[in-house]
Protein chains: 2
Amino acid sequence: MPPAQRHHPTLADVAQRAGVSASTVSRTMRGLTTVSPDVRARVEQAARELHFVVSRQASSLVTGRTGVVAVLAPTLNSWFIGSALSSLGPVLRAAGLDLLVYVVPDLAERTDFFDRLPARRNADALLVFSFDLSEEESARLDDLQMPVVYISQHAKGRPSVYVDDVAGARAGTRHLLGLGHRRIAFVQTTGASGFTFSSHERLLGYRQALIEAGVAPDDDLVVATPPGDKRRTAEAVGTLLSLREPPTAIFAEQDEVAVSLVWTLRKAHVDVPARMSVLGFDDHQMAEWSDLTTIAQSPADIGRAAGELALDLLNDPEADRARHLVLPTRLIPRATTAPPRPVAQDRPAEAAEPADPALDAPARGRAGVDTYE
Amino acid sequence: MPPAQRHHPTLADVAQRAGVSASTVSRTMRGLTTVSPDVRARVEQAARELHFVVSRQASSLVTGRTGVVAVLAPTLNSWFIGSALSSLGPVLRAAGLDLLVYVVPDLAERTDFFDRLPARRNADALLVFSFDLSEEESARLDDLQMPVVYISQHAKGRPSVYVDDVAGARAGTRHLLGLGHRRIAFVQTTGASGFTFSSHERLLGYRQALIEAGVAPDDDLVVATPPGDKRRTAEAVGTLLSLREPPTAIFAEQDEVAVSLVWTLRKAHVDVPARMSVLGFDDHQMAEWSDLTTIAQSPADIGRAAGELALDLLNDPEADRARHLVLPTRLIPRATTAPPRPVAQDRPAEAAEPADPALDAPARGRAGVDTYE
DNA sequence: ATGAAAGCGCTAACAC
DNA sequence: GTGTTAGCGCTTTCAT
């Protein structure tokens, strides 16, 4: 009675069936050219018949390469990361590499990760997503003995892929300036761990564009709110609307907040865009649904680029170990930005709470009609 | 001159440093109790000093276990999958397992995956997300020699984790019935590959609840639209509104569509919920933002449950190989459902296009005022 | 172009 | 409790 055949077939099994040595099977499986055509055919057939798959573990052991690219991410429940990984996957697969994910949602797991560096022997490269790493943590990753690519952060001296946030924010602000706005607010996003780089840069771009246009940046016009917090968002809107000189346009650092702003404004019967323009950043899926004008970035492109950069680093020892890939953004004009209505600039503004009786009607017919107050 | 120390430290290195044998180090690293406390301490210190990490490849080779759980998913850019994986990750980590992701976005990759079954020797278990597998594909996975857990699909005879869609849809429909609605439409989602199971089940629950309540299901009230397609959604709304007896409530199979419906209706100046109640399913992030009444499911719970089920299957050979974990849903009443206005049932309804001059004002003050037509 | 042999880093069986 | 020994399945010299 033959032993229960519960294990996978091995090189030796294929070799025996094809009447060759294990070495030859190995060479065949790796596509080396030093195998005669007829032998190759025999081996391939035998392998197919046995459903033979090379064991990564065994070959890793000798080659030192794991065939795995690891990703470090704070969550997978994110539009940005989800899109980027979805396009990264196929890039890696095409190169015969598998995608391993370390989800590190909280501080405890983070500390543990950097303590133990579980990726150390279990991946050929690491992609770090949207973390604000301390210099100490980056240094820790440096002695990981593998290429580490940073995504959405400017890791000086280390390979990075990110979008040109400054230019994007500048372009967005210029769009609003071009429409005639002069009082342009900027809403920062707080508490979204891991995106402080973008946050800084976008604010910077906003300021640059204002200065270029000869508009003095006003810190009263810069407020912050956490994403998804209606109350805080409403507060921020209230603060802006109750300024002596309220803005006529709001540039939100993130689409999620921008959409929330639109809701809040419309609920308070402040028409968008007739009374207030709103501009987002990201081109999040919901931006399209909400007809939000926004500065688009493509996380899919970022994921792809990061994957290709990692492959370069992996395959070419001469590759530039500090290359920064900076991807462009582009303005997508939609329905939430428009020229400001001519309004008496020095009249006191209403607060957010009192419901304005103005209709939430399309802007066209009403723009220019000064029914303010 | 010492050789360039470019390789990772091995068991032997630690053993030498701690003055013990490799076996002892191995036992220590695996937490076996047969190591005396002082030796254990010495070994652990040596390991720490050398930044030693056990090579998965090498240990896999002998144990036959890879320490990896693989996930098969059509995309990662999905609220459901993202949330589920984000909670699955930590569950696996706690068990010392890594998470490997196969993103299989299109038919070509899918065919290739089932052809080659790359997971075969590279994972201990496989979680299959939201795919509508053919019986042939499932059969292929069966001879994978590892536990395969199906998520969001009812794989008969195989371990599965999903939400009770029938009960959820029934509860939702009852909620609307309880508010007094009798003409309740159901909007199906088409083209969202991988969720046809839920789709069927939700429609079923809707029908059941109607029948239970003595309301005859009317096929005219069941329409379909792809998610994120504004035009088609508007068409669906138009179809429903132009029925001789239009609905007073719409139950959408997915929140994304429900939110889109609310937008479309409000744009057409059909007040929600005063003139039309809208109910969603999922409790997608945007449901809260949109104040959408919905049937909540928790993808995070599903991910966790699936992970734990996989661990059971992995660790307990006696475990039930066909266990189905069915998770509950719950109604979250928010602002898009309300009692129907008393309305002359047999009057002809307006079409979707003509802008109704009715204000998009809060329902309270206006409900009950019959300004219809 | 092919085969034989050595060994990658670890665990498991067996001694002691 | 701890050390010794023999592989796990593959790749890689080195022969031929």
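Here is how names work: the chains are called A, B, and so on, in the same order as the sequence lines, proteins then strands, and each is numbered from 1.
As rounded to whole Å, 19 Å separates atom P of C:dG7 from atom CG of A:Leu11. Between B:Gln57 atom CD and C:dG9 atom P there is a gap of 11 Å when expressed in whole angstrom units. A:Gln16 places its CD atom 13 Å from the P atom of C:dG3, with the value rounded to the nearest Å. As a whole-Å value, the separation of B:Arg56 CZ from C:dG9 C1' is 15 Å. In this entry the distance linking CE of A:Met29 with P of D:dC10 reads 9 Å, nearest Å. Going from atom CG of A:Leu32 over to atom C1' of C:dG3 covers 15 Å, rounded to whole Å. Distance A:Asn122 CG to C:dC10 C1': 13 Å, rounded to the nearest Å. When rounded to the nearest whole Å, the span between CG of B:Asp13 and C1' of C:dC8 equals 13 Å.
One N or O donor and one acceptor, one from the side chain of B:Arg27 and one from the base of D:dG3, sit under 3.5 Å apart. If you check distances only, the side chain of B:Ser21 never reaches the base of D:dT4 with a donor-acceptor pair under 3.5 Å. A donor-acceptor contact under 3.5 Å is formed by the side chain of A:Ser23 with the base of C:dA4.
Proximity note for B:Val54 (side chain, C-beta onward) versus C:dC10, D:dG1, D:dG9: the nearest is C:dC10. Closest to the B:Val20 side chain, of the nucleotides C:dC10, C:dA5, D:dG3, is D:dG3. In the set D:dT2, D:dT12, C:dT2, C:dT2 carries the atom at the smallest distance from any side-chain atom of A:Val35.
Using a 4.0 Å cut-off between charged side-chain N and carboxylate O, B:Arg140 and B:Asp115 make no salt bridge. A salt bridge between A:Glu137 and A:Arg158 is absent, with no side-chain N of the basic residue lying under 4.0 Å from a carboxylate O of the acidic one.
Taking the nucleotide of DNA chain D with the nearest heavy atom to each of B:Pro37 and A:Ala12, the more 5' of the two is matched to B:Pro37. Along DNA chain D, the nucleotide closest to B:Gly19 and the one closest to B:Leu61 are compared, and the more 5′ of them pairs with B:Gly19.
Using a 4.0 Å cut-off, some side-chain N or O of A:Ser26 falls inside it from OP1 or OP2 of D:dT11. OP1 or OP2 of D:dG3 has at least one side-chain nitrogen or oxygen of B:Thr24 nearer than 4.0 Å. Regarding contacts with the backbone of C:dC8, every side-chain N or O of B:Ser55 stays at 4.0 angstrom or more from both OP1 and OP2. For C:dC10, one of the phosphate oxygens OP1 or OP2 lies less than 4.0 angstrom from a side-chain nitrogen or oxygen of A:Arg121. At C:dA12, one or more side-chain N or O atoms of B:Arg30 fall inside 4.0 Å of OP1 or OP2 (strictly under the cut-off).
In this structure, a donor-acceptor pair under 3.5 Å is present between the side chains of A:Asp124 and A:Thr66. A donor and an acceptor atom, one from each side chain of B:Ser86 and A:Asn77, are nowhere located under 3.5 Å apart. If you check the side chains of B:Ser160 and B:His154, you find no donor sitting under 3.5 Å from an acceptor. With no hydrogens or angles considered, a side-chain donor-acceptor pair links B:Ser26 and B:Arg30 at under 3.5 Å.
Among the protein residues, A:Thr10 comes within range of the sugar-phosphate backbone only, with heavy atoms under 4.0 Å from sugar or phosphate atoms but none that close to a base. Counting any heavy atom pair closer than 4.0 Å across all strands shown, B:Thr63 reaches sugar-phosphate atoms only and no base atom.
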